[in-house]
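Letters A, B, ... are given to chains in the order of the sequence lines, protein chains preceding strands, and every chain is numbered from 1.
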Number of protein chains: 2
Amino acid sequence: MSRPADRTRKSQVVAERLLERMRSGQYAIGTRLPSERELAAEFKVSRNAIREALQVLQLSGHVDTRLGDGSFVSEPHLDGGFDDDAGLLAGISITESLDIREAVELSSALLACRRATRSDLLKLQAVVVELEEHLEQHDYKAYLLATLDLHMIIAAASHSPYLIKMVTELTDRHRDDQWLLHEQYTPDIAAFSLEVHRDLANAIVDKDQLAVIDSNTRHYEDYPVLHHQD
Amino acid sequence: MSRPADRTRKSQVVAERLLERMRSGQYAIGTRLPSERELAAEFKVSRNAIREALQVLQLSGHVDTRLGDGSFVSEPHLDGGFDDDAGLLAGISITESLDIREAVELSSALLACRRATRSDLLKLQAVVVELEEHLEQHDYKAYLLATLDLHMIIAAASHSPYLIKMVTELTDRHRDDQWLLHEQYTPDIAAFSLEVHRDLANAIVDKDQLAVIDSNTRHYEDYPVLHHQD
DNA sequence: CAGTGGTCTAGACCACGGC
DNA sequence: CCGTGGTCTAGACCACTGT
């Protein structure tokens, strides 16, 4: 129920393939899907995995299942239900987004502190190495993009769907600005940035919440000139 | 998932019996439940039925399950509402609501830590006094509503329009359910709740970010056994 | 009636967390 | 390392629905 252990669940794969067929018209609206046992045989999975896939599609409103009868492709529900790409940040101004970003990234870093798995920490350390490499080669553009990756990895390590979605939207919103910044970069600015990001990663690895707060504060406050800098 | 065909599902029976044990104190708050395999043996059902029962209790906020560790009796969720409506929270599933609450309230408390004005802090302290008064008079209903006020004041003190909006929606969503919860209150549960909220308020007044994290953690996650010291 | 979904079982393997 | 939860399997029985 909680974290899928990074592996994509079979029910998810099946659900997506069924969705494709519904969208392509192979399964027309209103028609009955093959029985669960038939689908299980076709996809070479257990009936249980098929049932979980169908439950996902039921919750999202794509399928209507009737006991003793079968599962049917339901009408495309206008607007309604799912497709959560509405965007949590709709209607939020750019000026607000920095505030939000500061708070959200601090929260995700702190949660990551408690919830990060071993693989999360390995990814974190790998990105730090990547940051160092980009800086050695003075590739500031690649460096800046990698810092965004770092924040995404931290969000993922928090294992909070809400925070992951928020950080994704925030970094997407800032990604376009990033490439503009690399021209402002000087060696000492870059060095400071690397230090802050490395400290943040290390704080999470060490599970040191106080250090997380400290590095996050430096990230956003002690460097007012480049307030948009990542 | 749909209709149990009129027969009560084993997972429901198990869930209710586990709830009884939690309420009776046989499973104290914060302690770890027997492993799924042990419960399966004890109740003479398959591990699958146990897992479904635990999932029900997770969704209702009574149990916190951690991968590779175990399932733990969670703090009686002071604000346990479900059923999502419109607004920023549209499309957010029930399973995510606890994560969101934890993340959002941590974010707002930390921002409040840095940005609260004098008048914010005064309001904060006033509400804590109000909480104490309600508890002295054993008016749990008023107490619970006041805790919502406290979270709203903290959000206001963060001076982030986004966070204010989020917390407003979350508390509105739960306000109607609050009066149901006060009947579950016992003096020691109330005492612990007061302690957590007072610590949170004091941490903000003292601008002690680490203490904010600590009290927020106690509010949502681990609930050490020290609770029964009263 | 035959076929469907709803539920349950016993067993297996994996990734993760704590020791 | 071991025990834990997360996932998947193959098979079984039941209750329901359509004809």
A.B. asks: Answer yes or no: does a side-chain N or O of A:Lys44 lie under 4.0 Å from OP1 or OP2 of D:dT9?
C.D. replies: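 No.
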A.B. asks: Can you list everything that forms a salt bridge (charged side-chain N to carboxylate O under 4.0 Å, His left out) with A:Arg37? Sequence neighbours excluded, please.
C.D. replies: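 Result, salt bridge (charged side-chain N to carboxylate O under 4.0 Å, His left out) vs A:Arg37: none returned.
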A.B. asks: What I'd like to find out is whether the side chain of A:Val63 reaches to under 4.5 Å of the side chain of A:Leu33, using heavy atoms alone.
C.D. replies: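 When only atoms from C-beta onward are counted, A:Leu33 and A:Val63 do touch, with a gap below 4.5 Å.
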A.B. asks: Checking A:Lys10 against A:Glu52 for the salt bridge (charged side-chain N to carboxylate O under 4.0 Å, His left out) test, could you report, in this order, the C-alpha distance in whole Å, the side-chain angles of both residues, the deciding distance, and whether it holds?
C.D. replies: CA-CA 9 Å; A:Lys10 295 201 176 181; A:Glu52 285 173 13; over 6 Å; no
A.B. asks: Show the distances under 3.5 angstrom between N or O atoms of the protein and N or O atoms of nucleotides 17-19 of chain D.
C.D. replies:
none

A.B. asks: Between A:Pro34 and B:Ala49, just flag the one whose closest nucleotide in DNA chain C comes earlier from the 5' side.
C.D. replies: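 The residue whose closest nucleotide sits nearer the 5' end is A:Pro34.
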A.B. asks: Starting from C1' on C:dC19, measure out to CZ on B:Arg32 and report it in whole angstrom.
C.D. replies: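 Rounding to the nearest Å, CZ of B:Arg32 and C1' of C:dC19 are 12 Å apart.
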A.B. asks: Once you round it to whole Å, what is the distance between P of D:dG5 and CZ of A:Arg9?
C.D. replies: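 Going from A:Arg9 (CZ) to D:dG5 (P), I get 17 Å.
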A.B. asks: If you apply the rule side-chain hydrogen bond (donor to acceptor under 3.5 Å, both in side chains), what do you find for A:Ser108 with A:Ser158, and how did you get there?
C.D. replies: CA-CA 5 Å; A:Ser108 70; A:Ser158 77; 5.6 Å; no
A.B. asks: Starting from P on C:dT9, measure out to CG on B:Leu39 and report it in whole angstrom.
C.D. replies: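 Nearest whole value for this atom pair: 14 Å.
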A.B. asks: Which of these nucleotides, D:dT9, C:dC8, D:dC8, is closest to any side-chain atom of B:Lys10?
C.D. replies: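 Among D:dT9, C:dC8, D:dC8, the one nearest the side chain of B:Lys10 is C:dC8.
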A.B. asks: Without decimals, in angstroms, what is the distance between A:Leu122 CG and C:dG17 P?
C.D. replies: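 Distance, rounded to whole Å: 12 Å.
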A.B. asks: Taking salt bridge (charged side-chain N to carboxylate O under 4.0 Å, His left out) as the definition, give me every residue that meets it alongside B:Glu38, ordered by chain and number, with sequence neighbours left out.
C.D. replies: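 None.
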A.B. asks: Does a side-chain N or O of A:Arg51 approach OP1 or OP2 of C:dG5 to a distance below 4.0 Å, or not?
C.D. replies: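 It does not, given that no N or O in the side chain of A:Arg51 lies less than 4.0 Å from OP1 or OP2 of C:dG5.
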A.B. asks: Tell me every residue that passes side-chain contact (heavy atoms from CB on, under 4.5 Å) with A:Gln12, counting only those two or more places apart in sequence or in another chain.
C.D. replies: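 Listed in chain order: A:Glu16, A:Val56.
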A.B. asks: Under 4.0 Å, counting only non-hydrogen atoms across every strand here, what does A:Gln12 touch: a base, just sugar-phosphate, or nothing?
C.D. replies: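 Result for A:Gln12 = nothing.
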A.B. asks: Can you tell me how far P of C:dA10 sits from CG of B:Asn48, to the nearest Å?
C.D. replies: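 In whole Å, C:dA10 P and B:Asn48 CG are 11 Å from each other.
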A.B. asks: Measure from CG on A:Leu54 to C1' on C:dG5 and round the result to the nearest Å.
C.D. replies: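 Going from CG in A:Leu54 over to C1' in C:dG5 covers 10 Å.
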A.B. asks: Please tell me which of the listed nucleotides, C:dT7, D:dG6, D:dC8, lies nearest to the side chain of A:Glu52?
C.D. replies: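 Taking heavy atoms from C-beta onward, the closest nucleotide is D:dC8.
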A.B. asks: Can you say whether a donor on the side chain of B:Arg37 sits under 3.5 Å from an acceptor on the base of D:dG5, or the other way round?
C.D. replies: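 In this structure, the two groups form a donor-acceptor pair.
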A.B. asks: Give the rounded distance in Å between these two atoms: CZ of B:Phe43 and C1' of C:dT7.
C.D. replies: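 Rounded to whole Å, this separation is 19 Å.
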A.B. asks: In whole Å, I'd like the distance from the CD atom of B:Gln55 to the P atom of D:dG6.
C.D. replies: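 So the two atoms are 8 Å apart, to the nearest Å.
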A.B. asks: With sequence neighbours excluded, what pairs up with B:Asp214 under the side-chain contact (heavy atoms from CB on, under 4.5 Å) test?
C.D. replies: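 Scan of B:Asp214 (side-chain contact (heavy atoms from CB on, under 4.5 Å), adjacent residues dropped) gives B:Arg218.
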A.B. asks: Going by the rule side-chain contact (heavy atoms from CB on, under 4.5 Å), which residues pair with B:Ala109 if we only count those two or more places apart in sequence or in a different chain?
C.D. replies: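 Partners of B:Ala109 by the side-chain contact (heavy atoms from CB on, under 4.5 Å) criterion, ordered by chain and then number, come out as B:Ile154, B:Leu200, B:Ile204, B:Val212.
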A.B. asks: Quick one: list whatever passes salt bridge (charged side-chain N to carboxylate O under 4.0 Å, His left out) with A:Glu130, sequence neighbours left out.
C.D. replies: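 In terms of salt bridge (charged side-chain N to carboxylate O under 4.0 Å, His left out), with neighbours along the sequence ignored, A:Glu130 is linked to no residue.
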A.B. asks: If the helix axis at each end comes from five base pairs, how far does the helix from C:dC1-D:dG18 to C:dG18-D:dC1 deviate from straight, to 10°?
C.D. replies: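 Answer for the end axes of this duplex: 10°.
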A.B. asks: Counting only side-chain heavy atoms from C-beta out, which of C:dT9, D:dG6, D:dA12 sits nearest to A:Arg47?
C.D. replies: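 Minimum distance to the A:Arg47 side chain belongs to D:dA12.
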A.B. asks: What pairs with A:Phe72 under side-chain contact (heavy atoms from CB on, under 4.5 Å), at least two apart in sequence or on another chain?
C.D. replies: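 Per chain and number, A:Phe72 pairs via side-chain contact (heavy atoms from CB on, under 4.5 Å) with A:Arg32, A:Arg66, A:Asp69.
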A.B. asks: Give a yes/no answer on whether the side chain of A:Ser46 brings an N or O atom under 4.0 Å of OP1 or OP2 in D:dA10.
C.D. replies: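 Looking at the OP1 and OP2 atoms of D:dA10, neither is under 4.0 Å from any side-chain N or O of A:Ser46.
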